Amino acid sequence: MPAPNALTVFTVTVLFAGELCLLLHRHARRHRFPDQWTGLGGRVEPAELADLASAARRELAEETGVPPHTVPPLVLRRVLLQHRPASAELELLLYFTGELASPLALPASREGTLHWVAPADLLTLPLVDNARLVLPHLVADRARDPTGSEPVKLGIARCDEQGRVVAVTWA
């Protein structure tokens, strides 16, 4: 296993409208995590490190077509640190939630298809490995703390030899 020699930062956002959450079903032809489900997001650019919520809004705009200035306020709820064994990158995933008054119309996305999903259905979907371990916590965080006043939770992922995230320890 190579030691990580670079840091990459990603945002993952789950928008809620009432009791539904917006998820991305990744295209089967995607190189990473084909045909799996996750929140919306992507890589934080170096110039965005001083405003992570803006990076999350930009990524949402890219994946949903919603202009960044119309995205609701976002709450950073969880941060996950992970290192997949075959990678030279240490990854930091920033998990945000946001509230919409009603579900958005779902445009086509170059990443996959967007779907409004009931939180009770999350574990029936083929979620990306880390999403399977984090999204249920985001749903519970939102229910317990709608305004996002609790401290951000920090997690460390454990990967198996194949590089799959198999567990998260939360601090």
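Every value quoted in this text rests on a predicted model; they were computed, and no experiment measured them. When a residue number appears, it is its place in the shown sequence, counting from 1. When reading the values below, keep in mind they use all heavy atoms of this one structure, side chains included, and skip hydrogens, waters and symmetry mates.
- Atom NE2 of His115 is separated from atom CG of Leu20 by 13.0 Å, given to the nearest 0.5 angstrom.
- With sequence neighbours excluded, no residue forms a salt bridge (charged side-chain N to carboxylate O under 4.0 Å, His left out) with Arg43.
- In this structure, CG on Leu125 lies 11.0 Å from CD on Gln36, to the nearest 0.5 angstrom.
- Under the salt bridge (charged side-chain N to carboxylate O under 4.0 Å, His left out) criterion, Glu19 pairs with no residue, sequence neighbours left out.
- With hydrogens and angles ignored, the 3.5 Å screen pairs a side-chain donor or acceptor of Asp51 with a backbone N or O of Ser54.
- Other cluster members for Val128: Phe33, joined by side-chain heavy-atom distances under 4.5 Å among Ile, Leu, Val, Met, Phe, Trp and Tyr.
- Legend: residues meeting ring pair (Phe, Tyr, Trp, His ring centres under 6.0 Å) with His137, ordered by chain and number and at least two apart, are Trp170.
- Note on Leu154 and Leu138: separate hydrophobic clusters, where clusters join Ile, Leu, Val, Met, Phe, Trp and Tyr whose side-chain heavy atoms are under 4.5 Å apart, directly or indirectly.
- Residue Thr97 forms a side-chain contact (heavy atoms from CB on, under 4.5 Å) with just one option from Thr13, Val139, Val75, and that option is Val75.
- Think of Val166 as one node in a network of Ile, Leu, Val, Met, Phe, Trp and Tyr side chains linked at under 4.5 Å; it has no links at all.
- Of the listed residues (Arg29, Arg32, Arg30), just one forms a salt bridge (Lys or Arg N to Asp or Glu O under 4.0 Å) with Glu111, and that residue is Arg30.
- Under the 4.0 Å criterion applied to side-chain N and carboxylate O atoms, Asp141 and Arg144 are assigned as salt-bridge partners.
- Without hydrogens or angle criteria, Thr70 side chain to Val66 main chain gives no donor-acceptor distance under 3.5 Å.
- Salt-bridge formation is detected for the pair Arg84/Asp129: a Lys NZ or Arg NE/NH1/NH2 atom is positioned less than 4.0 Å from an Asp or Glu carboxylate oxygen.
- When each of Thr113, Leu135, Leu127 is checked for a side-chain contact (heavy atoms from CB on, under 4.5 Å) with Trp37, only Leu127 meets the rule.
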- When you look at His25 and Asp35, which way does the side-chain hydrogen bond (donor to acceptor under 3.5 Å, both in side chains) test go after all the steps? CA-CA 6 Å; His25 180 197; Asp35 204 29; 2.7 Å; yes
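- With hydrogens and angles ignored, the 3.5 Å screen pairs a side-chain donor or acceptor of Trp116 with a backbone N or O of Leu104.
- Salt bridge Glu63/Arg110: absent, no basic N to carboxylate O contact under 4.0 Å.
- Atom OG1 of Thr38 and atom CZ of Arg132 lie 12.0 Å apart (nearest 0.5 Å).
- Between Glu150 and Lys153 a salt bridge is recorded (basic side-chain N to carboxylate O distance below 4.0 Å).
- Between the CG atom in Leu93 and the CG atom in Asn130 there is a gap of 5.5 Å [rounded to 0.5 Å].
- Note that the OH atom of Tyr95 and the OG1 atom of Thr11 stand 10.5 Å from one another [nearest 0.5 Å].
- Taking the ring centre of Phe16 as origin, the terminal cationic atom of Arg142 falls inside the region bounded by 6.0 Å and 45° from the ring axis.
- A distance-only check finds no donor-acceptor pair linking the side chain of Glu59 to the backbone of Ala56 [under 3.5 Å].
- Both Val71 and Leu114 belong to a single network of hydrophobic side chains, linked directly or stepwise wherever heavy atoms of I, L, V, M, F, W or Y lie under 4.5 Å apart.
- With sequence neighbours excluded, no residue forms a salt bridge (charged side-chain N to carboxylate O under 4.0 Å, His left out) with Glu89.
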